[in-house]
Amino acid sequence: MKNTGMLRRLDSLNRIVIPKEIRTTMNLDIGDSIEFFADHETGFLGMQKYVGASCKLCSSTENLTYFRGSLLCKNCTVELKANIGVSPIPIPVVKEHAYTEKRSYQSSQNLIESLKELLRRYPNAAQNEYAKWLGVSQGRVSQLKRLL
């Protein structure tokens with residue numbers, strides 16, 4: 001189910017106009033019958049082109065049988081029994097966890113010395129660049145700057 005974002009108001013006779021984009025998408029023509037579905041609990045109103053009694057899988061109207069709440073034609077029933085056109089459910093690919101190296105511990109004094117050198121060499125660099133060069137977070141660079 002997709003929200004189209006289209007709004008239509010009821011007119012004085014409580015009618016609405018179905019937008020042309022939806023009529024085209026649903027292959028609705030003048031004179032076609034429309035079937036409405038309503039869920040009173042959620043306030044949902046749905047509609048579809050009415051085709052009468054037809055096969056749930058292929059929309060055929062001949063040789064129908066009723067199976068578990070749905071109508072199926074003889075051809076679809078035979079195909080399902082013989083597993084014709086049935087594909088197995090694809091197994092989702094499990095991504096391997098990307099190994100991330102842990103940062104090596106550096107003493108604050110060593111980091112301060114390295115930061116001083118970087119500040120002297122690259123005075124206009126951004127804080128995220130200092131963090132990348134030192135192998136620490138931007139928050140840690142900010143802490144080291146306060147210790148200077």
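Reckoned from all heavy atoms, side chains included, excluding hydrogens, waters and symmetry mates.
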Over all heavy atoms of both residues, which pair between Ala53 and Leu71 is shortest? Give the atoms and the distance, please. CB-CD1, 3.8 Å
Would you say that Asn75 contacts Asn63 through its side chain, given a criterion of any heavy-atom pair below 4.5 Å between the two side chains? no
Among the clusters formed by ILVMFWY side chains lying less than 4.5 Å apart, do Leu57 and Val78 turn up in the same one? no
Using a cut-off of 6.0 Å, state whether more than 12 heavy atoms not belonging to Ile30 lie near its atom CD1. no
So, taking the atom named OG1 in Thr24 and the one named CD1 in Ile18, what distance separates them when rounded to the nearest 0.5 Å? 11.5 Å
Give the cluster check for Leu80 versus Leu64: same hydrophobic cluster or not, with ILVMFWY residues linked at side-chain heavy-atom distances below 4.5 Å. no
For the OG atom of Ser114 and the CG atom of Leu119, what is their distance to the nearest 0.5 Å? 11.0 Å
Any chain of hydrophobic side-chain contacts (each under 4.5 Å) joining Leu72 to Tyr66? no
Would you compute the distance between atom NZ of Lys132 and atom CD of Gln138 and round it to the nearest 0.5 angstrom? 11.0 Å
Which atom of Cys73 lies closest to which atom of Cys58, heavy atoms considered: SG-SG, 3.6 Å
Linking I/L/V/M/F/W/Y whenever any side-chain heavy atoms sit under 4.5 Å apart, do Leu7 and Phe44 land together? no
For a side-chain hydrogen bond (donor to acceptor under 3.5 Å, both in side chains) check, start with the C-alpha distance between Arg146 and Gln143, then their side-chain angles and the critical distance, and finish with the verdict. CA-CA 5 Å; Arg146 278 188 245 132; Gln143 290 174 346; over 6 Å; no
For Tyr50, what residues pass the ring-ring contact (aromatic ring centres under 6.0 Å, His included) criterion, not counting sequence neighbours? none
If the condition is salt bridge (Lys or Arg N to Asp or Glu O under 4.0 Å), which residues does Glu129 pass it with, not counting sequence neighbours? none
Contact between Glu62 and Lys74 at the side-chain level, heavy atoms closer than 4.5 Å - yes or no? no
Are Arg9 and Ile16 packed together at the side-chain level, in the sense that at least one heavy-atom pair is separated by less than 4.5 angstrom? no
With hydrophobic residues grouped by side-chain heavy-atom distances under 4.5 Å, do Met47 and Val17 end up in a single group? no
Rounded to the nearest 0.5 Å, the CD atom of Gln109 sits from the CG atom of Leu147 at a distance of 9.0 Å
Heavy atoms, side chains only, cut-off 4.5 Å: are Arg23 and Pro19 in contact? no
Run the side-chain donor-acceptor check on residues 31-39: report pairs under 3.5 Å with partners two or more places apart or on a different chain.
residue	atom	partner	partner atom	Å
Asp32	OD2	Asp29	N	2.6
Asp32	OD2	Lys49	NZ	3.4
Glu35	OE1	Gln48	NE2	3.3
Asp39	OD1	Glu41	N	3.2
Asp39	OD2	Thr42	OG1	3.2

Is Ser54 close to Ser60 at the side-chain level, that is, under 4.5 Å between some pair of heavy atoms? no
dist Leu134:CG -> Arg140:CZ (nearest 0.5 Å) comes out at 10.0 Å
Could you check if a side-chain atom of Leu10 sits within less than 4.5 angstrom of a side-chain atom of Arg15, using non-hydrogen atoms only? no
Can you measure from CG (Asn110) to CG (Leu115) and round to the nearest 0.5 angstrom? 12.5 Å
Checking side chain to side chain contact (heavy atoms under 4.5 Å, CB included) for the pair Leu144/Tyr130: CA distance, chi angles, key distance, verdict? CA-CA 11 Å; Leu144 293 172; Tyr130 293 130; over 6 Å; no
